[in-house]
**Student:** 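Sharing a structure, written as structure tokens. Questions coming.
Note that this is a predicted model, so its numbers are computed, not measured. Keep in mind that the numbers below use all heavy atoms, side chains included, and drop hydrogens, waters and symmetry copies.
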Amino acid sequence: MNKLLSCASLALISAAIAPVASASRDISQTKCWINDGKCNIQFKNRTGDSGGSDGDSNLNQTSSAQTITVKAKDSDNDKTGNKLNILAGASKTMNMEKKAKKDFDYIHLSSADFGQVNASKISCEEVIAVLDGNGTCKVFHGSVTNDATAVAWYIGYQCDGGNVGGPTDATAR
């Protein structure tokens with residue numbers, strides 16, 4: 001009985017002191033991390049373009065040049081580190097190692113200029129796919145018709161690296 005209690009106590013102590021990591025936020029197995037440890041995503045603002053970036057989303061890309069804001073957020077929707085403001089036609093890079101250390105849950109993409117444009121989220125799983133790809137995402141302005149007459153505007157994304165894009169279900173974003 002004492003042996004059984006000792007084993008149970010040891011198991012509880014081991015579990016209590018073991019580091020806890022969320023598999024979805026763990027970028028340590030991505031191609032970029034393994035190869036050189038520099039895991040970045042380059043965001044290209046294509047809101048002024050009129051086509052070519054809407055591949056994996058259900059949005060129709062439209063031209064509406066605007067500044068976009070890119071923020072990593074945690075499970076409480078709080079910003080984890082600095083945000084990027086990217087002018088139309090420009091590109092900026094986000095260091096994902098720093099965001100992973102702060103336990104980000106997703107990347108939030110929004111319009112800094114127009115409040116009526118809905119934001120989008122790039123999930124951790126999608127971030128990992130992008131990091132395993134070429135680390136490039138195009139951010140664009142698009143629309144979706146929710147019913148016969150209602151049009152909603154969104155910030156969408158198409159990531160060449162990882163072949164992810166969205167939003168794919170604009171009403172849920």
**Student:** Would Ile34 and Met96 show up in the same hydrophobic cluster when neighbours are defined by side-chain heavy atoms closer than 4.5 Å?
**Tutor:**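 No; tracing contacts between hydrophobic side chains, which count when under 4.5 Å, never links both residues.
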**Student:** Does Asn45 reach the main-chain N or O of Gln66 with its side chain, forming a donor-acceptor pair under 3.5 Å?
**Tutor:**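 Confirmed, Asn45 side chain pairs with Gln66 backbone.
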**Student:** For Thr67, give me all partners under side-chain hydrogen bond (donor to acceptor under 3.5 Å, both in side chains), at least two apart in sequence or on another chain.
**Tutor:**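 Applying side-chain hydrogen bond (donor to acceptor under 3.5 Å, both in side chains) to Thr67 gives none.
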**Student:** Return the minimal non-hydrogen interatomic distance between Val117 and Tyr154, and the atom names on each side.
**Tutor:**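 Taking Val117 first and Tyr154 second, the nearest heavy atoms are CG1-C, 3.7 Å.
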**Student:** Please tell me if the side chains of Ser143 and Asn60 come closer than 4.5 Å, counting only heavy atoms from C-beta onward.
**Tutor:**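 Yes, their side chains come closer than 4.5 Å.
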**Student:** For the residue pair Asp132 and Thr30, establish whether any side-chain heavy-atom pair is separated by less than 4.5 Å.
**Tutor:**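 With C-beta onward as the side chain, the pair touches.
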**Student:** Within this structure, what is the NZ-OG distance for the pair Lys138 and Ser91, rounded to the nearest 0.5 Å?
**Tutor:**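 Rounded to the nearest 0.5 Å, the NZ-OG separation comes to 11.0 Å.
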**Student:** At what distance, to the nearest 0.5 angstrom, does NE2 of His108 lie from CD1 of Ile68?
**Tutor:**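 CD1 of Ile68 is found 12.0 Å from NE2 of His108.
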**Student:** Name all pairs fulfilling the disulfide (SG to SG under 2.5 Å) condition that reach into residues 125-163, sequence neighbours left out, sorted by first residue then second.
**Tutor:**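 Found Cys137-Cys159.
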**Student:** Between OG of Ser75 and CG of Asp103, what distance do you get to the nearest 0.5 Å?
**Tutor:**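 Answer for the OG-CG pair, Ser75 versus Asp103, is 8.5 Å.
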**Student:** With rounding to the nearest 0.5 Å, note down the distance linking CD1 in Ile155 to OG in Ser120.
**Tutor:**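 The distance works out to 7.5 Å.
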**Student:** Could you report the tightest heavy-atom contact between Leu59 and Gly156, atom names first, then the distance?
**Tutor:**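 The answer is CD1-CA, 3.8 Å.
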**Student:** Are any of the side-chain heavy atoms of Asn163 and Gln158 separated by less than 4.5 Å?
**Tutor:**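 In contact.
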**Student:** Check whether any side-chain N or O of Thr136 sits under 3.5 Å from a backbone N or O of Asp160 as a donor-acceptor pair, and report yes or no.
**Tutor:**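 Checked: no pair found.
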**Student:** Could you report the tightest heavy-atom contact between Phe43 and Met94, atom names first, then the distance?
**Tutor:**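 Closest pair (atom of Phe43, atom of Met94, distance): CE1-CB, 3.9 Å.
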**Student:** Taking all atoms of both residues into account, what is the closest heavy-atom pair of Gly165 and Glu126, and its distance?
**Tutor:**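 Smallest heavy-atom distance, with atoms named: O-OE2, 4.1 Å.
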**Student:** When rounded to the nearest 0.5 angstrom, what distance separates NZ in Lys102 from CG in Asp74?
**Tutor:**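 Here the interatomic distance stands at 11.0 Å.
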**Student:** First locate atom OG of Ser111, then atom CH2 of Trp153, and finally report the distance between them rounded to the nearest 0.5 Å.
**Tutor:**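 Rounded to the nearest 0.5 Å, the OG-CH2 separation comes out at 12.5 Å.
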**Student:** Might you point out which heavy atoms bring Val127 and Ile122 nearest each other, and give the distance in Å?
**Tutor:**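 Looking at all heavy atoms of both residues, the shortest contact is CG2-CG2, 3.9 Å.
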**Student:** Check Ala152 against Asn118 and note the closest heavy-atom contact, atom names and distance.
**Tutor:**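 So the minimum-distance heavy-atom pair works out to CB-ND2, 4.1 Å.
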**Student:** For residues 76-88, which side-chain N or O atoms pair as donor and acceptor with protein atoms under 3.5 Å away, sequence neighbours left out?
**Tutor:**
residue : atom : partner : partner atom : Å
Asn77   : OD1  : Tyr106  : OH           : 2.5
Thr80   : OG1  : Ala72   : O            : 3.2
Asn85   : OD1  : Thr69   : OG1          : 2.8

